[in-house]
Every structure is written in C-alpha cells, then in structure tokens.
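First up is the structure itself, then whatever we jot down about it.
All values below come from the heavy atoms of this structure, side chains included, with hydrogens, waters and symmetry mates left out. Note that the structure is predicted; figures quoted are calculated from it, not measured.
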Amino acid sequence: MPTGSVTLYSSTTTSLTMHVSWDMPMTVTCGVRDGSGGLAQVSAEEDFTGARAFVEVRITGLVPFTQYTVVCIGAAIGDSILT
C-alpha cells in the first residue's frame, strides 16, 4: 500500500497550500473537512510523478476562523482505484 505525507506550506484566512508527496507516482486530490464532517472544499487533481520531492496542492474558498481537517487521497497514475 502506498504511503504519503502532507505538510502545510502556507495559509491565508481563506486558503491552504500543502506540499504532498508519495512513495510512488500518484494523482492527488486534497480536501478539507469542517466540524460537521463533510468536505467543505476540494482541490484540483495534481500529479505527483516523483520528479520533484512534492506536489503543491492549494485549497481556496475557506471560511475565516473555521477549524478544518485536511484529507488527501491518491490513485496510482493511470489507475482509477483510490488508495
């Protein structure tokens, strides 16, 4: 099973930017969960190919002063099954 890491790179009152890496090439999507448990916002898909140490993922449209939990999922590039 692939393993990955997510690190907060920067933030504003309405956005988060994370650096995401995996131990194999993956297509990555990140989202944020709010207090109700639902996904509040979702990023665009980004491909982590391994050519760089990380891929930068940005989530916008957040509500200021709201606590969020970041969740990232990935699928092997060319594979439709999420891991």
Side-chain angles (χ1 to χ4, degrees):
M1 174 166 279
T3 58
S5 68
V6 178
T7 305
L8 178 63
Y9 175 68
S10 67
S11 65
T12 69
T13 57
T14 60
S15 71
L16 296 171
T17 302
M18 283 83 55
H19 285 174
V20 181
S21 63
W22 293 88
D23 62 355
M24 62 182 283
M26 300 286 271
T27 297
V28 180
T29 303
C30 293
V32 290
R33 292 191 189 279
D34 57 19
S36 67
L39 281 179
Q41 294 290 341
V42 178
S43 71
E45 286 186 349
E46 300 286 347
D47 283 340
F48 172 77
T49 62
R52 293 182 52 201
F54 59 85
V55 64
E56 198 165 277
V57 177
R58 184 174 170 92
I59 301 173
T60 59
L62 304 179
V63 177
F65 309 110
T66 302
Q67 183 174 338
Y68 293 101
T69 301
V70 175
V71 178
C72 294
I73 57 173
I77 293 178
D79 189 355
S80 61
I81 299 173
L82 295 177
T83 57

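Under the 4.5 Å side-chain contact rule for hydrophobic residues, Val6 and Met24 share a cluster.
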Side-chain donor-acceptor pairs under 3.5 Å in residues 49-60, sequence neighbours left out?
residue : atom : partner : partner atom : Å
Thr49   : OG1  : Ala51   : N            : 3.3
Glu56   : OE1  : His19   : NE2          : 3.1
Arg58   : NH1  : Thr17   : OG1          : 3.3
Arg58   : NH2  : Ser15   : OG           : 3.3

List the atom pairs, donor and acceptor, that lie under 3.5 Å between side-chain atoms in residues 39-48 and the rest of the protein, sequence neighbours left out.
residue : atom : partner : partner atom : Å
Gln41   : NE2  : Gly61   : O            : 3.4
Ser43   : OG   : Cys30   : N            : 3.0
Ser43   : OG   : Cys30   : O            : 3.2
Asp47   : OD1  : Thr27   : OG1          : 2.7

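Residues meeting the side chain to side chain donor-acceptor pair (under 3.5 Å) test with Thr13, sequence neighbours left out: none.
Contact record, Trp22 with Val20: NE1-CG1, 3.7 Å, taken as the closest heavy-atom pair.
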